[in-house]
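We number each residue from 1, following the sequence as shown.
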Amino acid sequence: ARFHPTAKQLKEEFGDQVAWVYRHYPLSFHPNAQKSAEAVECVVEQKGKDSFWEFTDKIFEENNKLGGQLTADTAKTVALTMGINESQFDTCLSSGKYAQKVKDQMADGSAAGITGTPGTIILSGGKAELIPGAVPFEQAKAQIEKYL
C-alpha cells in the first residue's frame, strides 16, 4: 500500500520506457488479502482488464483510510462503486474461481526472490534486479535509470 503511489509516480515519470506488471502476493498475516486479490480478478472478469488498475487504486486508497486493515467487505464495497453486477461478483468470489491464480502468482514471486511486499523486480536486457520493500521514489528512480 505504501509503495503503490510510488509505482504510479514511476510509471508517470518514465511513461512507455517502463511497463508495470502487477502480480498478486497476499501475505498470510493479512486475513483479507487473498480474497481481495481474488476480488480484483472477479472485477476484471466483468469490467475488462483496464478495471484492474481502477480497482487496485481504489482498494489501496480504502486500505489507507482503514489504517491498513481491510475488512472482508472492503473489496465488495470498492467493486460496487465501479458498477459491477453484485450477484455475479458474489458468485465469482465465493466460488474461489481465482484462488489458484493468486496462489500461483505468489509462488512465482517467491521463486523469483520475493519474500514480502512490495517486491519489485526490474527486468532489462536479460538482467534482473530486486527492489525489496517500499523504497522512496528517488531510490527506485535511480535503480530504473541504470537500465535505460
Side-chain angles (χ1 to χ4, degrees), residues 1-71 74-85 88-89 92-93 96-148:
R2 287 183 306 159
F3 191 69
H4 188 74
T6 302
K8 287 176 65 171
Q9 187 179 0
L10 290 166
K11 182 63 180 153
E12 289 170 11
E13 175 85 12
F14 291 105
D16 291 340
Q17 292 179 291
V18 298
W20 183 9
V21 179
Y22 190 100
R23 298 290 184 256
H24 299 293
Y25 203 88
L27 300 173
S28 60
F29 57 86
H30 294 297
N32 297 303
Q34 174 71 31
K35 279 299 184 184
S36 293
E38 292 174 43
V40 72
E41 298 298 336
C42 292
V43 168
V44 169
E45 180 180 292
Q46 280 192 48
K47 303 286 283 180
K49 66 181 182 176
D50 289 342
S51 66
F52 177 91
W53 294 109
E54 180 183 355
F55 181 89
T56 301
D57 289 345
K58 288 181 178 191
I59 200 83
F60 280 126
E61 184 179 305
E62 286 301 310
N63 183 60
N64 289 337
K65 287 180 190 175
L66 296 169
Q69 301 298 314
L70 291 176
T71 68
T74 305
K76 182 175 180 175
T77 301
V78 169
L80 288 171
T81 68
M82 296 174 61
I84 57 96
N85 177 292
Q88 288 176 355
F89 178 82
C92 177
L93 193 57
K97 180 177 188 175
Y98 292 105
Q100 192 59 51
K101 177 180 183 174
V102 171
K103 289 176 184 176
D104 290 347
Q105 287 186 3
M106 187 167 185
D108 289 346
S110 295
I114 305 292
T115 59
T117 62
T120 304
I121 300 173
I122 299 172
L123 298 171
S124 179
K127 296 179 184 177
E129 180 178 351
L130 174 63
I131 302 175
V135 300
F137 170 77
E138 290 301 328
Q139 182 180 341
K141 179 181 175 184
Q143 287 178 274
I144 291 170
E145 286 175 334
K146 293 187 307 187
Y147 297 95
L148 298 178

Requested in this report: Taking only Lys NZ, Arg NE, NH1 and NH2, and the carboxylate oxygens of Asp or Glu, determine whether Lys58 and Glu54 approach each other closer than 4.0 Å.
Outcome: yes

Query raised in the report: Between Gln88 and Asn85, which heavy-atom pair has the shortest distance, and what is it?
Result: N-OD1, 2.8 Å

Query raised in the report: Does Glu145 CD have over 12 foreign heavy atoms under 6.0 Å away?
Result: yes

Query raised in the report: Relative to each other, are the rings of Trp53 and Trp20 parallel, tilted or perpendicular (30° and 60° limits)?
Result: tilted

Report summary line: Only residue of His24, Lys35, Glu45, Glu41 satisfying side chain to side chain donor-acceptor pair (under 3.5 Å) with Tyr98 is Glu45

Query raised in the report: Do you know which two heavy atoms are closest between Ile121 and Ala128, and how far apart they sit?
Result: CG2-CB, 4.2 Å

Query raised in the report: If you count the non-hydrogen atoms of other residues, nucleotides and ligands that lie under 6.0 Å from NZ in Lys49, is the total more than 12?
Result: no

Report task. Could you tell me which non-hydrogen atom of Thr6 sits nearest to which non-hydrogen atom of Phe137, and how far apart they are? Result -> CG2-CA, 3.6 Å

Query - Spacing of CD1 belonging to Ile144 relative to CZ belonging to Phe14, to within rounding of 0.5 Å - result: 5.0 Å

Query raised in the report: Does the side chain of Glu38 pick up a donor-acceptor pair with the side chain of Gln34 at under 3.5 Å?
Result: yes

Query raised in the report: So which heavy atom on Phe3 is nearest to which on Ala134, and how close?
Result: CD1-CA, 3.8 Å

Query raised in the report: So, the side chain of Lys141 versus the backbone of Leu10: is there a donor-acceptor pair under 3.5 Å, distance only?
Result: no

Report task. Start with the C-alpha gap between Ile59 and Val40, add the side-chain angles, then the distance that decides, and say whether side chain to side chain contact (heavy atoms under 4.5 Å, CB included) holds. Result -> CA-CA 9 Å; Ile59 200 83; Val40 72; over 6 Å; no

**Report entry** Nearest heavy-atom neighbours spanning Asn64 and Ala1
**Finding:** OD1-CB, 3.8 Å

Query raised in the report: When you look at His4 and Asp57, which way does the side chain to side chain contact (heavy atoms under 4.5 Å, CB included) test go after all the steps?
Result: CA-CA 8 Å; His4 188 74; Asp57 289 345; 2.6 Å; yes

Query raised in the report: In terms of heavy-atom contacts, does NZ of Lys8 have more than 12 from other residues, nucleotides or ligands at under 6.0 Å?
Result: no

Query raised in the report: Backbone N or O of Lys127 within a donor-acceptor pair of the Tyr147 side chain at under 3.5 Å?
Result: no

Requested in this report: Start with the C-alpha distance between Leu27 and Thr117, add both sets of side-chain angles, then the distance that settles side chain to side chain contact (heavy atoms under 4.5 Å, CB included), and finish with yes or no.
Outcome: CA-CA 8 Å; Leu27 300 173; Thr117 62; 3.5 Å; yes

Requested in this report: Before giving the answer on side-chain hydrogen bond (donor to acceptor under 3.5 Å, both in side chains), spell out for Thr74 and Thr71 the whole-Å C-alpha distance, their side-chain angles and the decisive distance to 0.1 Å.
Outcome: CA-CA 5 Å; Thr74 305; Thr71 68; 2.8 Å; yes

Report task. Identify, with sequence neighbours excluded, every residue that meets side-chain hydrogen bond (donor to acceptor under 3.5 Å, both in side chains) alongside Gln100. Result -> Asp104

Report task. Could you give me the CA-CA distance, side-chain angles and deciding distance for Met82 and Val43, then say whether side chain to side chain contact (heavy atoms under 4.5 Å, CB included) is met? Result -> CA-CA 9 Å; Met82 296 174 61; Val43 168; 3.7 Å; yes

Report summary line: Here the pair of heavy atoms bringing Phe55 nearest to Ala39 is CZ-CB, 4.1 Å

Query raised in the report: How many angstroms lie between atom CD of Gln143 and atom OG1 of Thr120, to the nearest 0.5 angstrom?
Result: 9.0 Å

